[in-house]
Amino acid sequence: MRLYIAEKPSMGNEIAKCLNGPIKRHDGYLQTTDGVVTWAFGHILRQAEPNEYDIKYKVWRAQDLPIIPDKWKMLIEDSCKKQFNIIESLIAKADEIVNAGDPDREGQLLIDEILDYVKNTKPVKRILLNALDEKSIKKANSVLQDNKNFLPLKLSALARARADWLIGMNLSRAYTLAARRAGHNKLVLPVGRVKTPTLALVVRRERELKDFKPVDYYIIKADFKTVDSTFGTTWKAHSAQSGLDSEGRLVDKSIADELLAKFAAEKNQATVLNYSKTEKKESQCLPFSLSSLQVLAGRHFGYEPQQVLDTAQHLYERKLTTYPRSDCEYLPVNQLGDAGGILNNLQACGETDLQRWAADADSKIKSRAWNDKKISAHHAIIPTSVRIKTASLNAMERNIYFLIARSYIAQFYPLHIFDQIKLSLKFAGENFQATGRTERQLGWKSLYMSEKHPSENEEDDTKNAILPVINKGDLLEFAAATVDKRATKPPSRFTPATLLAGMKEIHKYVKDEATKKKLRAIYGIGTEATRASIIDDLLRRKLLKTEGRKKSLVPTQTAYMLVDALPDELLYPDVTAVWEDYLNELAKGTGTVEDFLAEQIQFTKLLCKKAFDSAMPVLGEHICPLCKKGIMVRRTGKKGVFWGCSNYPRCHMTCNDKNGEPDMEMALSRVVMKKEQPIGAAFSVGMVSALDMVRRAREKDAVQQKVKPADKKYLCPHCKEGLLKRQKGKNGYFWACSNYPHCTANFDDDNNKPEL
């Protein structure tokens, strides 16, 4: 028996329809002559929570961090146990299994992890479904591949999931505990590999807006006359021009007025310095990846990224469009033969513009989108050959389908051809320029006539103007000049759609060229399928909120506090770029999960240490007079009630209880004595950067080798790397970590033992 395991029920139903029937329906699976089809519900297994490794982790404590599983554990989702049992029983009966997960790394993993969980030894094939129409499914089923060929894809997804667990579980706890030490007892601060740089992007943009001060500047425009026409130009400052700012804008109004007077008094004609006309050809726009579809749908219709994904998924499940979670904007050449049928269907779809455009399309045209070298597991989102009546779709579905279909039709229109004209002239010793264009062939641009041309520039009204035919050296008459006052504009707030674009084009926000290049090559941070959910999660956790009709994203006070407390390694995409690059290499079969996770573990350990020194605004009545990072908390010890700093063990400040309040006079009197002890070092950062991870890993063993055998039973409960050593200070003996200065934990001496 051949068993197909689909990613979701809708996919399973479509596969079964394309197998030889009849179809017999059972609870959780379908039976056909060609085999049995069952399904998962996305990830039917989940990674265990920390407390499911050890119950002690149910209480969040700094001394337990970082939590590093010795053996990674997967558990069955409670809501999926029944379906999992069905799948497991069918695997036991099968002779051959077909992995029918989505054609990406997550789709590969979520079926493979089930097979790994049940310790499957049966042969496994792989079907790659980029569309769910009958023709596509039957074609894919005729060329099944060995599932072993996709092991690197699975390992890449597995490495990503475990790295995200390490960062999310540990650093969310570490910084939440840091906030609680500062008195923010009700806060939970989520930290994530992609989530946090995304949040930081919005926070930095908001601060740019708050710090922005508009600057007035002046644009001088001048009209010149030929024998039979008048056209406009823009004055261009020379290199030695006074009154310019650092961006080359004229900011001195008096100079602008002087120039106008100079032009009005000039008796000589203007001389044409240069006139050029160049033919330009613009290739057809590429079809959509999910991100580019989300961005355009957000810009045109105001849809949020998750709405676009959900709608594209629905169209896919109705077999009207291809796989939506694609990061590719190209198409395989072998599908070029389907173009005639798809275009014929669109001519009868019921949408006037699509019908007209499809009727005029030429299926013999091959655009740059058809490129096998650019295809990986999936291709761009396009219409399928299934007939459609757009009237059967709701408004959002019609709009998304319209964008997808239009971009596909555009591939079968000629190139956009125009003449670009550049003109420069000199008048009164000053330079003037104008740029124009003459359309020669609209081509595919005729489908986008209602949209602004990407080359249009609001700052230059003369751009794309109609210019007369003149020659170098011609003399022109000056007609008039004006000064146009402008003001610099602040950067726009992010919306869900533009933030998603920012995640995809994160390289634009990075200065380091090597990192910029890597981020550009890997298409940013996050994946096509997760970016929308990350933005939604930031909103759900109240780190971001939306304002206004455009739903602009604005950080909350909690977001500012978290971003200000975090180190650069988590706030900027540089480190994530290195990780994504490694994950991409893993997907190609280079590198190992073990090596990748070893680096992630070292990275997590370092950042957990940094959390102890994070700067959080202190909230509370009784701020610790010693460290000023914690608050005095009422506690009960062996000798009764006392008050201690919430920043323990970084700060050992204590004082007596006085009528239910901390005896602050006593506390202040102890500050001088406490500062004389080595604990003062606890308040210096003393941390290495992420770039030192490898060096630190090598140093760790060397440091531990120097510890005396008598002290080896006292492992530092803070860093879990160094060992506690008994040392003598000015005020007696104390115990300090051998990993100093990377770990500054220290403890009082209690009868030759550390008081832990």
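These numbers come from a predicted model, not from an experiment. The figures that follow rest on heavy atoms only: side chains count, while hydrogens, waters and symmetry mates do not.
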Fill in the blank from the handout: T176 meets the side-chain hydrogen bond (donor to acceptor under 3.5 Å, both in side chains) criterion, sequence neighbours left out, with none
Handout entry: Sole residue of D102, N130, D104, D327 in side chain to side chain donor-acceptor pair (under 3.5 Å) with H378
Key = D327
Practice task
Please say whether the positively charged group of R180, taken as NZ for Lys or CZ for Arg, lies over the ring of W60, i.e. under 6.0 angstrom from the six-membered ring centre and within 45 degrees of the axis.
Solution key: yes
Handout entry: Residue pair T311 / E397, side-chain donor-acceptor N/O under 3.5 Å
Key = no
Exercise for the section: Output all residues satisfying ring pair (Phe, Tyr, Trp, His ring centres under 6.0 Å) with W72, sequence neighbours left out; order by chain, then residue number. Expected result: W165
Exercise for the section: Report the residues that fulfil salt bridge (charged side-chain N to carboxylate O under 4.0 Å, His left out) with K81, sequence neighbours left out, ordered by chain and then residue number. Expected result: D78
Handout entry: Which residues share a side-chain contact (heavy atoms from CB on, under 4.5 Å) with V202, sequence neighbours left out
Key = F494, L499, L544, L553, P555
Name every donor-acceptor pair, under 3.5 Å, that has one atom in a side chain of residues 141-149 and the other anywhere in the protein, sequence neighbours excluded.
residue : atom : partner : partner atom : Å
N141    : OD1  : Y4      : OH           : 2.9
N141    : ND2  : Y4      : OH           : 3.2
S142    : OG   : K139    : O            : 2.6
D146    : OD1  : K148    : N            : 2.9
N147    : OD1  : Q108    : NE2          : 2.9
N147    : ND2  : D112    : OD1          : 2.9

Problem - Y53 six-ring face occupied by K73 cation (under 6.0 Å, within 45°) - result: yes
Exercise for the section: Tell me, please, which residues at least two apart from T384 pass side-chain contact (heavy atoms from CB on, under 4.5 Å). Expected result: A131, D133, T322, V386
Problem - From CA spacing to verdict: side chain to side chain donor-acceptor pair (under 3.5 Å), E329, H379 - result: CA-CA 6 Å; E329 296 177 337; H379 56 67; over 6 Å; no
Practice task
Establish, from distance only, whether the side-chain atoms of S10 and N13 form a donor-acceptor pair under 3.5 Å.
Solution key: no
Problem - Y582: ring pair (Phe, Tyr, Trp, His ring centres under 6.0 Å) partners, not counting sequence neighbours - result: F596
Practice task
If a pair satisfies ring pair (Phe, Tyr, Trp, His ring centres under 6.0 Å) and one of its residues is in residues 113-150, list it, with sequence neighbours excluded.
Solution key: F84-Y117
Practice task
Could you pull out all residues at least two apart from R387 that satisfy side-chain contact (heavy atoms from CB on, under 4.5 Å)?
Solution key: N345
Exercise for the section: Check salt bridge (charged side-chain N to carboxylate O under 4.0 Å, His left out) between E317 and all other residues, then give those that pass, not counting sequence neighbours. Expected result: none
Problem - Residues in side-chain contact (heavy atoms from CB on, under 4.5 Å) contact with D338, at least two apart in sequence or another chain - result: K135, Q335, I342
Exercise for the section: Only counting residues at least two apart or in another chain, list the ones meeting salt bridge (charged side-chain N to carboxylate O under 4.0 Å, His left out) with K24. Expected result: none
Handout entry: No-hydrogen, no-angle side-chain donor-acceptor test under 3.5 Å, T498 and T495
Key = yes
